[in-house]
Amino acid sequence: MPVTPVDSGTWIRRFHPAPEPAPRLVCFPHAGGSASYFFPVSRALAPRVEVLAVQYPGRQDRRTDPLIDDVGRLADRITAALDPWDDRPLTLFGHSLGATVAFEVARRLQDAGHPADGLIASGRRAPSRFRDERVHRGTDAQVLDEISRLSGTDARVLADRELLASLLPAVRSDYKAAETYRYRPGPALDCPLLVLTGADDPHVTADEAEAWREHTTGPYEVRVYPGGHFFLTTHATAVTELIAARITRSERDNAP
């Protein structure tokens, strides 16, 4: 589908440039997250894989940019922002909200004839599985209780009420995007799909994780890790090495 041109530099962060022909991993943050969340991933994978981290509006150096509370509109803009980067294979990796956004970007890339080399969906139920969640409609205290319960925010941030107040609009906007998303039926992806989930994640059941299988005709696998919604924090090294192995293996398989 056609997309509106955007400034790629506004949306994409590259912390550790890698020489050609290193493949690229595009990372999509969770609700309330920012591109810097993936700095350790970029550092660990360089120079084998070049990491591009998406920076949503409303946080860090984009704090004054208008918020986007719709997954489809986010995906449209990010797809356009990735256009200068598709000279190398792209694998998409998203956690929580980021998994849904990454999925929609993968659909758009495939529709445009530039399919992703793979999709890694972490900490999120399959797009076709709906839950009636309304955190974004809650009070500030209720939103803070939710992000605290999921253990995805630094305790120092949670203790800084002034900082929290500045972050809440972006967090609420992201929750609205995630909670109002509705899957639009269409062709399945044809790329490999790897699903990562925490065994005790309150937002993703085993069945909801397994349902991602419906969304690709390519190779598919679910990996379950001990922990809750932010199992990535505890298992960062293992997950990063798994991602590296998958991307480099794909490169070998596709070599002429």
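Atom set for the values below is all heavy atoms of this structure, side chains included, hydrogens, waters and symmetry mates excluded. Sequential numbering from 1 along the given sequence is applied to the chain's residues.
No donor-acceptor pair closer than 3.5 Å links the side chain of Ser36 to the backbone N or O of Phe39. The backbone N or O of Pro192 lies less than 3.5 Å from no partner atom in the side chain of Thr216, so there is not a single donor-acceptor pair. Between the Thr79 side chain and the Ala75 main chain, a donor and an acceptor come within less than 3.5 Å of each other. A distance-only check finds no donor-acceptor pair linking the side chain of Glu50 to the backbone of Ala22 [under 3.5 Å]. Side-chain atoms of Arg13 come within 3.5 Å of backbone atoms of Gly9 as a donor-acceptor pair (strictly under, hydrogens ignored). No donor-acceptor pair under 3.5 Å is formed between the side chain of Tyr175 and the backbone N or O of Gly32.
Placement of Val224 and Leu119 within a single hydrophobic cluster is found when ILVMFWY residues are connected by side-chain heavy-atom separations under 4.5 Å, directly or transitively. The hydrophobic cluster containing Phe231 also contains Leu242, counting ILVMFWY residues as joined when their side-chain heavy atoms lie under 4.5 angstrom apart, directly or transitively. Hydrophobic cluster membership differs between Ile120 and Val204, with clusters built from Ile, Leu, Val, Met, Phe, Trp and Tyr side chains linked at under 4.5 angstrom. Taken together through direct or relayed side-chain contacts under 4.5 Å among Ile, Leu, Val, Met, Phe, Trp and Tyr, Val195 and Phe103 form part of one hydrophobic cluster. There is no path of hydrophobic side-chain contacts, each under 4.5 Å, that joins Leu67 to Leu167.
Residues Thr205 and Arg129 have side chains not in contact (no heavy-atom distance under 4.5 Å, counting atoms from C-beta outward). The shortest distance between side-chain heavy atoms of Phe130 and Tyr183 does not fall below 4.5 Å. Counting heavy atoms from C-beta outward, Leu45 and Arg48 have side chains that approach closer than 4.5 Å. Counting heavy atoms from C-beta on, the side chains of Asp86 and Leu109 never come closer than 4.5 Å. Looking only at side-chain heavy atoms (C-beta outward), Leu25 and Phe38 stay at 4.5 Å or farther from each other. Annotation: side chain of Glu179 is not in contact with side chain of Arg137 (no heavy-atom distance under 4.5 Å). You'll find the side chain of Leu194 reaches within 4.5 Å of the side chain of Arg246, heavy atoms only. Residues Val26 and Trp85 have side chains not in contact (no heavy-atom distance under 4.5 Å, counting atoms from C-beta outward).
The pair Asp70-Arg77 fails the salt-bridge criterion, with no side-chain N (NZ, NE, NH1 or NH2) lying under 4.0 Å from an Asp/Glu carboxylate O.
Here the shortest heavy-atom pairing between Val222 and Ala209 reads CG2-O, 4.2 Å. The two atoms that bring Ala170 and Gly58 nearest to each other are CB-O, 3.5 Å, heavy atoms only. The heavy-atom pair separating Gly33 from Tyr56 by the smallest distance is O-CD1, 4.3 Å. The shortest heavy-atom contact between Gly186 and Arg107 is N-NH2, 3.3 Å. Closest approach of Pro19 and Pro47 over heavy atoms only: CD-CB, 4.2 Å. Shortest non-hydrogen contact noted between Leu97 and Ala31 is CB-N, 3.8 Å.
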| Check against side-chain contact (heavy atoms from CB on, under 4.5 Å), Asp117 and Arg24 | CA-CA 10 Å; Asp117 262 33; Arg24 290 183 169 124; over 6 Å; no

| task | Take Val51 and Phe93 through the side-chain contact (heavy atoms from CB on, under 4.5 Å) test and state the conclusion after the steps. | result | CA-CA 10 Å; Val51 171; Phe93 169 41; over 6 Å; no

| Pair Gln55-Asp65, side-chain contact (heavy atoms from CB on, under 4.5 Å): steps then yes or no | CA-CA 11 Å; Gln55 186 78 303; Asp65 289 357; over 6 Å; no

| request: Starting from the C-alpha separation in whole Å, work towards a yes-or-no answer on side-chain contact (heavy atoms from CB on, under 4.5 Å) for Gln142 and Arg134. | output: CA-CA 10 Å; Gln142 289 170 328; Arg134 306 182 183 187; over 6 Å; no

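Residue His203 forms a side-chain hydrogen bond (donor to acceptor under 3.5 Å, both in side chains) with just one option from Glu133, His229, Arg125, Arg124, and that option is Glu133.
Using bins of under 30°, 30° to 60° and over 60° for the plane-to-plane angle, the ring pair Trp212/His215 lands in the perpendicular bin. Using cut-offs of 30° and 60° for the angle between ring planes, the His235 and Tyr225 rings count as tilted.
Here the CG atom belonging to Leu92 is positioned 9.0 Å from the CG atom belonging to Leu189, to the nearest 0.5 angstrom. Rounding to the nearest 0.5 Å places CZ of Arg213 at 9.5 Å from CG of Leu193. The line from CG of Asp76 to CZ of Arg108 is 4.5 Å long, rounded to the nearest 0.5 Å. Note that CG of Leu232 and NE2 of His30 are 9.5 Å apart. Values are rounded to the nearest 0.5 Å. Note: Ile243 CD1 to Ser122 OG = 8.0 Å, rounded to the nearest 0.5 Å. Separating the CG atom in Asp200 from the OG1 atom in Thr197 is a distance of 9.5 Å, to the nearest 0.5 Å.
Checked against the 6.0 Å centroid criterion, the rings of Tyr37 and His95 do not qualify as a close aromatic pair.
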